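Please read the structure below before turning to the comments.
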Amino acid sequence: MSDATIDVTRGAGAPSYLSAGHRIRSWLLTTDHKRIAILYFAAITVFFLIGGAAATLMRMELFTPGADVVSADGYNKLFTLHGVIMVWFFLVPSIPTTLGNFVLPLAIGARDVAFPRLNLLSWYLTVAGGLLVLTSLLAGGVDTGWTFYTPYSSLYSNSYVTLAAMGVFVAGFGTIATGLNFIVTVHTQRTPGLTWGRLPLFVWAHYATSIIIVLGTPALAAALLMVVAERLFGLGLLDPARGGDPIIFQHVFWFYSHPAVYIMLLPGMGVVTEIITCFARRRVFGYPMMVAALLAIAVVSFFVWGHHMFVSGQSLYASLIFSFLSFVIAVPSAIKVFNWTATLYGGHITFESPMLYAMGFVGLFTLGGLSGLFLASVPIDVHVHDTYFVVAHFHYIMVGGTVAAFFAGLHFWWPKITGRTYPEAMAKAAAILMFLGFNFTFAPQFVLGYMGMPRRYHVYLDQFQVWHAASSLGAVLLAVAYILPVFYLGWSLVRGRPAGDDPWSATGLEWQTASPPPEHNFARLPIVREKPYAYHEHDEHPQEREATTHRAQGTGRTPGEARADGASGDGPRADDREEARE
Amino acid sequence: MDRLFSPGAASANTGGFDTLFTALSILSILIVLLVGTLIVVFSVRFRKGSDVPRHRVPALHAREFEIGWTIVTAFVAVFIFWWAAGYRITDDKVPADALEIHVEAKQWMWKTQHPSGAREINALHVPRGHPVVLRMSSQDVIHSFYVPAFRLKQDVVPGRISTLWFEPTETGTYPIECAEYCGTDHARMLGEVTVMEPELYAEWSAAQPEADTLARQGAALFTAQGCSGCHAAASSVHAPPLEGVYGRPVALADGRTVLADEAYIRDSILMPRRDVVAGYEPIMPTNFDEILSLGEIAALTAYIRELGGGLPPDARVLRSPAMETER
Ligand code: HEM
Ligand SMILES: [Cu+2]
Ligand SMILES: [Cu+2]
């Protein structure tokens, strides 16, 4: 909360992770999860800008029905570049590797992730994969679409498919390493008293995401290897002329790529839960249900892939089963929306920028989810499949949802990560502009899809122009909303006022250490004695609390002395633990 | 129908589709209103500093709410599934008396063949009020046959025959679009379905084989009159190849884009200076209107129409002029 007293001297004893070394080497060879998070921030920001530039060119091209900005092949390469970069090099890594890497160990009271060196390796794998993809771009580009559908990608495309596919393949191992790391970290590194039932939902969301990553990403690797083997060695598995079937690829690809949607989404749900509870000053409504919904989504997401193939010629009965399961997965998603809404009930709500972004997430996710019901209905999907209806649907979920959650989390934890505050009024304006600009850009695309505008078209019939023009104009607003934070957050790095350890009076353990945190997070590990999000109890009914000590699980009201040198708890000293591990 | 919102409705299954679509739209709006209203009401009522009492939500209440909305959402979800699925199952059986038309997809055109032997490129004529079944195959990559006005699409996958059936209900012409990305000119893999009264369709399809001989006559003229000297793939003169041009939009030197229909082809032969293709010099002879008879022009036009149907055996890669000028 903005009126929290700011005591800059807190945690001054231990040097912050930022001052633990200033040479490039100290960054590139770091094993500190917080520094690795920063490395990831840098990498995905670059990728987001590249993907965004491609989107800008496409929206310019689509302003008129004719071909005026790029050639047919040029457009095909643009949407491929945009899809590949945005999905695998921005959105999949976005929240887990930046906010997750930074906050997750802090939130469970750990000194680091379980395998710090593996964590660094995963960054190198992601960057190496990205460089391969960018090389394929410089060499002349790829024109298969991010879906790499065969036999176009395996036999017909004359572009740098192998290079790009290998890039995604390599980056996939980076993602798997991160997922594995999080699973082991959550199992083994929780601070005393932090039982599974007391884990913040941010941690649960990352845990569920990691399970999907570890189980799903190998299928992506297999799908990509099939394409590469077909191209390089003429395998023939996907070539009908040699007894193969190109549809095999689609099954393997979507077996990964549908769950991948949840890899992109669940971390956002975790972020938003932290923020809504904090700014509503309220315990999350239905914690067990929220956890159950996350896990249910993680499991069921593996059994709905066939809804991408309703018109591929798969058996009608297979389609109906996939359709049914897609409706099933809508239920836990809906429950989450209801629970966030109910969390507001009885709160003391304030609307700082993280909260505005989070509420934007809820709105856009709801719209995107509802459009998913249309797509899960077989007869409707037969019409709108591979049209702009689908483009709008996944942008609502992935861009509207996850990117809003990413920005929400970025604004929420920015003071913790950098130790600085940013200009709140600007941030609020950007949040509101992002919500409006997003709807302006993508809502017209639902109409386009219903009218029959296929995706991946750079020229189109005249009747579609009105809606395309609207969408392109909306994209201008959206671009402004995405660029604004670059300026005011950049400004805050230089000029921002010191934020204090717990500017929002939030309950998570990460707020109990200094901002920015010392290199080893906590000198003494905190001990947890109550459930997360005890805002209402702290604020209004201290006598109702389960635990008796004020240090139970984070509180904005811990006396300053208790936290000197980043020491915050009365648990074993972090160093004891380190010895115990070795 | 209002062209600003709707693709038109020209087949028997659009009624059911639109009912389902409308119902889902209304449901979505209701849910958005419900969630939106709750969020706004809570945000205002429980904003910081408002003086309403706040209590802990009793655990029992909370559980009742949760069970309640879980059951309701599950019920709604299953209900929509059941409705949509029933609609699809009844629509899956191809009627025995359906008119069978073969469709062949290739980069980047649709070729159709009727029971009468009539063949078309990027066009499909069908009788109104009669079920039609398309048996489709692909020569290269996956394409998808999509007619928005029918609310139907079906991927055409190499190595198998894909089936799509429908019953046209309204006469008129409606766009065919390729909906599965298939390479460079995916966005230009367009065509037109023409729904005709059954008598007219019968006449039309009976007349087509004749057009075939007309085209063959045109093929001979094409060489005899020297057109191939410039337009053949192997020619050293810079002239647009004509394979597959028919039915496609063509970009002109003056910035306009026109559809290469019968009239355009005829005018291109008679008045080559009028519509100059972008990227080419206007070197085509202008005296064909004196040399060629009307019948010969019709034959040449028919030939160009059929061209791309695989006629010149040496032209393996078919390229449209539009595509050529784009690079
Ligand atoms: C994080 C942000 C984003 C993600 C993850 C994302 C993801 C995607 C994906 C996966 C595709 C499909 C590519 C393909 O068909 O192969 C796509 C297409 C597209 N996106 Fe985005 N996108 C993002 C942001 C944006 C923004 C901000 C805009 C508009 C300004 C935009 C405009 C487009 C356009 C025009 C297409 C091409 C549609 C088509 O021709 O089929 N995207 N995006
Ligand atoms: Cu899916
Ligand atoms: Cu296509």
Side-chain angles (χ1 to χ4, degrees), chain A residues 66-67 71-73 76 145 149 151-152 156 240 245-247 285-286 289 311-313 316 320 323-324 327-328 330-331 334-335 337-338 341-342 344-350 359 366-367 370 373-374 377-380 382-383 385-387 447 451-452 454 456-459 461 463 466 536 540, chain B residues 3-7 17 20-21 24 28 31-32 35 38-39 42-43 46-48 54-57 62 66 69-70 73-74 77-78 80-81 84-85 87-88 92 140-142 144 146 148 151-155 157-160 162 175 177 179-187 257 323 326-327:
Chain A
S71 67
D73 283 327
N76 297 344
Y149 264 25
Y152 185 73
Y156 289 84
D245 186 350
I247 298 287
F285 186 89
M289 211 50 164
V311 300
S312 70
L316 174 65
L320 289 181
S323 165
F324 179 75
F327 278 106
V328 168
V331 177
I335 287 174
V337 172
F338 296 144
T341 310
L344 297 177
Y345 181 85
H348 294 264
I349 310 171
T350 54
M359 293 177 89
T366 305
L367 288 166
L370 287 168
L373 291 184
F374 289 72
S377 314
V378 181
I380 294 186
V382 167
H383 175 44
H385 175 74
D386 267 339
T387 67
V447 184
M451 289 172 72
R456 301 177 172 180
Y457 269 35
H458 69 302
V459 292
L461 303 175
Q463 62 261 38
V466 181
H536 181 70
E540 291 186 36
Chain B
R3 295 240 302 168
L4 200 52
F5 294 99
S6 165
F17 174 95
L20 186 60
F21 196 93
L24 276 184
S28 304
I31 293 177
V32 169
V35 173
L38 284 178
I39 290 182
F42 290 168
S43 297
F46 298 110
R47 69 188 182 280
K48 187 182 175 192
R54 274 89 162 169
H55 307 285
R56 259 183 136 173
V57 185
E66 280 192 306
W69 68 48
T70 306
T73 358
V78 172
I80 304 172
F81 164 74
Y87 168 86
R88 189 61 198 165
D92 194 50
D140 38 51
V141 300
I142 305 179
S144 190
Y146 177 33
R151 314 279 189 279
L152 288 176
K153 79 165 62 66
Q154 172 63 51
D155 286 1
V157 182
R160 56 167 90 174
S162 308
E177 299 171 307
E180 181 62 66
Y181 174 66
C182 55
T184 307
D185 264 356
H186 164 61
T257 304
M323 188 187 128
E326 275 238 331
R327 295 260 169 84

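Computation of the quantities below employed the complete heavy-atom set of this structure, encompassing side-chain atoms and omitting hydrogens, waters and symmetry-equivalent molecules. Naming convention: chains lettered A, B, ... in sequence-line order (proteins, then strands); numbering from 1 in each chain. Fair warning: this is a prediction, and the values are worked out from it, not measured in the lab.
Most heavy-atom pairs under 4.5 Å with chain A: of the set B:K153, B:R47, B:E66, this distinction falls to B:K153. Taking chain B as the reference chain and counting heavy-atom pairs below 4.5 Å, the highest number among A:V466, A:T341, A:L461 is found for A:T341. Among B:G183, B:S144, B:S162, B:P175, the residue making the largest number of heavy-atom pairs under 4.5 Å with chain A is B:G183. With chain B as the partner, the residue from A:G286, A:A334, A:S312, A:G66 showing the most heavy-atom pairs under 4.5 Å is A:S312. The greatest number of non-hydrogen atom pairs below 4.5 Å with chain B, out of A:G347, A:S377, A:G313, A:S323, is found for A:G347. Counting heavy-atom pairs closer than 4.5 Å to chain A, the top residue among B:T73, B:V32, B:I39, B:I31 is B:I39.
In this structure the side chain of B:V78 never reaches within 4.5 angstrom of the side chain of A:F327, judged on heavy atoms. In this structure, B:Y181 and A:N76 have side chains that are in contact, with non-hydrogen atoms separated by less than 4.5 Å. Side-chain atoms of B:F46 and A:L344, non-hydrogen and from C-beta on, never get closer than 4.5 Å to each other. Contact of the B:E180 side chain with the A:D386 side chain is registered, since non-hydrogen atoms from C-beta on lie closer than 4.5 Å. In this structure, the side chains of A:H383 and B:P7 come closer than 4.5 Å at one or more pairs of heavy atoms. A:P246 is listed as a side-chain neighbour of B:V157, based on a closest heavy-atom distance under 4.5 Å.
With rounding to the nearest 0.5 angstrom, the CE atom of A:M359 is 3.5 Å from the OG atom of B:S43. Distance check, rounded to the nearest 0.5 Å: OG1 of A:T387 to OH of B:Y146 gives 5.5 Å. The CG atom of B:L38 sits 11.5 Å away from atom OH of A:Y345, with the distance rounded to the nearest 0.5 Å. Atom CD1 in A:I380 sits 4.5 Å away from atom CG in B:L24 (nearest 0.5 Å). Here the CZ-CD1 distance, from A:F324 to B:I80, works out to 12.5 Å after rounding to the nearest 0.5 Å.
Without hydrogens or angle criteria, A:Y152 side chain to B:D140 main chain gives no donor-acceptor distance under 3.5 Å. Proximity of a side-chain donor or acceptor of B:K48 to a complementary backbone N or O of A:I349 within less than 3.5 Å is not detected.
There is a side-chain donor-acceptor pair under 3.5 Å between A:D73 and B:T184.
Taking each heavy atom of B:P158 and A:P151 in turn, the nearest pair found is CG-CG, 3.8 Å. Contact between A:Y156 and B:V141 at its shortest, heavy atoms only, is CD1-CG1, 3.3 Å.
By the 30° and 60° cut-offs, the orientation of the rings of B:W69 relative to A:F285 is tilted. Ring geometry for B:F21 versus A:F374: interplanar angle over 60°, hence perpendicular rather than tilted (30 to 60°).
Both the backbone and the side chain of B:S28 come within less than 4.5 Å of a heavy atom in chain A.
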